[in-house]
K.L.:
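Got a structure for you, questions after.
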Amino acid sequence: MTARIIDGVALSRALRAEIGERAGALAERGRRPGLAVLLVGDDPASAVYVRNKVRACAEHGLHSVLETHPATLAESALLDRVAALNADPAIHGILVQMPLPRHIDPAKVIAAIDPRKDVDGFSVASAGELMTGLPGLRPCTPWGCIKLIESTGVPIRGRHAVVIGRSNTVGKPMALLLLQAHATVTVCHSATADLAHHTRQADIVVVAVGRRHTVRADMVRPGATVIDVGINRDESGRLCGDVDFEPVRAALGPDGAITPVPGGVGPMTITMLLANTVQAAEAAP
Ligand code: NAP
């Protein structure tokens, strides 16, 4: 028997229904949650991402504004737009789609977002809240991974979690969220000497590298939960993750659980963006 699949589409659907209800309750009180999405330049992948975010808002009763700007937009002009949205009471979340054109410093732009509206959870303020265990807006992808792990019913508390990847947007916040949920956490990266040595001891593996077959069947132990954040293409152009899916699924056995790509972490990222926007609207003064 192979491991069960953790269905991110089904979990997203259930969570989005709850989010829609919370958005509806806020709208009845005259505070419809609002998300502003800023896109600078004409990167086709970014255009798809922002369209999906705006569509998800519309489907769940959130107000959204999509601002598209040419790649030549000056950094100061983008900062002015962020300042205007910070002051706009109809907007509770601000998302600046990355990557930005080279002449714009992303750190400066993220720092300009009011922390209460930082629904991506990428700012130093949000990172500090996570680091110190204060309430706040959590980065969407790792926060979605926590929901996926929780959905298996296996407690995180007391388990050994191995996170592969240490980016500021996925790996590091993932490790902190798991720590906050009382896991014992190991963080691996490109300089880790023997990755398999660590993953073989893990009850939970979260892999966020961006390289196919980073996790293979001989690297997991039966009964573990594997969360695959990676987005790659195989030789025939199909989407795939960082996990060698079918062999790993077989190696995990009937007590294991695994997310597919597509249909695992991906849908949860937008779901948690909606959740953060509603949370920001609920907390707004
Ligand atoms: P990133 O910034 O490139 O970070 C990749 C991490 O992987 C780095 O920490 C790197 O280590 C580590 N790494 C590279 N090679 C490794 C190896 N051989 N063994 C162990 N660790 C290794 O990427 P990211 O932004 O975190 O994203 C990771 C993947 O997740 C990408 O495929 C991205 O597309 C995907 N992603 C998906 C979603 C979603 O919604 N599904 C959201 C965000 C990202 P060093 O720090 O030592 O360089």
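Counting starts at 1 for both ligands and their atoms, in listed order.
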K.L.:
What residue pairs, at least two apart or across chains, pass salt bridge (Lys or Arg N to Asp or Glu O under 4.0 Å) with a residue in residues 208-220?
P.N.:
Arg212-Glu235, Arg216-Asp218

K.L.:
Restricting to pairs with a member in residues 72-90, which pass salt bridge (Lys or Arg N to Asp or Glu O under 4.0 Å), not counting sequence neighbours?
P.N.:
Glu67-Arg81, Glu75-Lys108

K.L.:
Give a yes or no on this: more than 12 heavy atoms of other residues, nucleotides or ligands lie within 6.0 Å of atom CZ of Arg116.
P.N.:
no

K.L.:
What does the 4.0 Å heavy-atom contact list look like for ligand 1?
P.N.:
Thr141, Ile164, Gly165, Arg166, Ser167, Thr169, Val170, His189, Ser190, Ala208, Val209, Gly210, Arg211, Val229, Gly230, Ile231, Val265, Gly266, Thr269

K.L.:
Counting N and O atoms only, with roles assigned by atom type, does the side chain of Ser126 sit under 3.5 Å from a partner on the main chain of Phe122, one being a donor and the other an acceptor?
P.N.:
no

K.L.:
With sequence neighbours excluded, what pairs up with Asp255 under the side chain to side chain donor-acceptor pair (under 3.5 Å) test?
P.N.:
none

K.L.:
In sequence, state the C-alpha distance, the side-chain angles, and the governing distance for Val65 and Leu35, and then conclude on side chain to side chain contact (heavy atoms under 4.5 Å, CB included).
P.N.:
CA-CA 6 Å; Val65 176; Leu35 173 70; over 6 Å; no

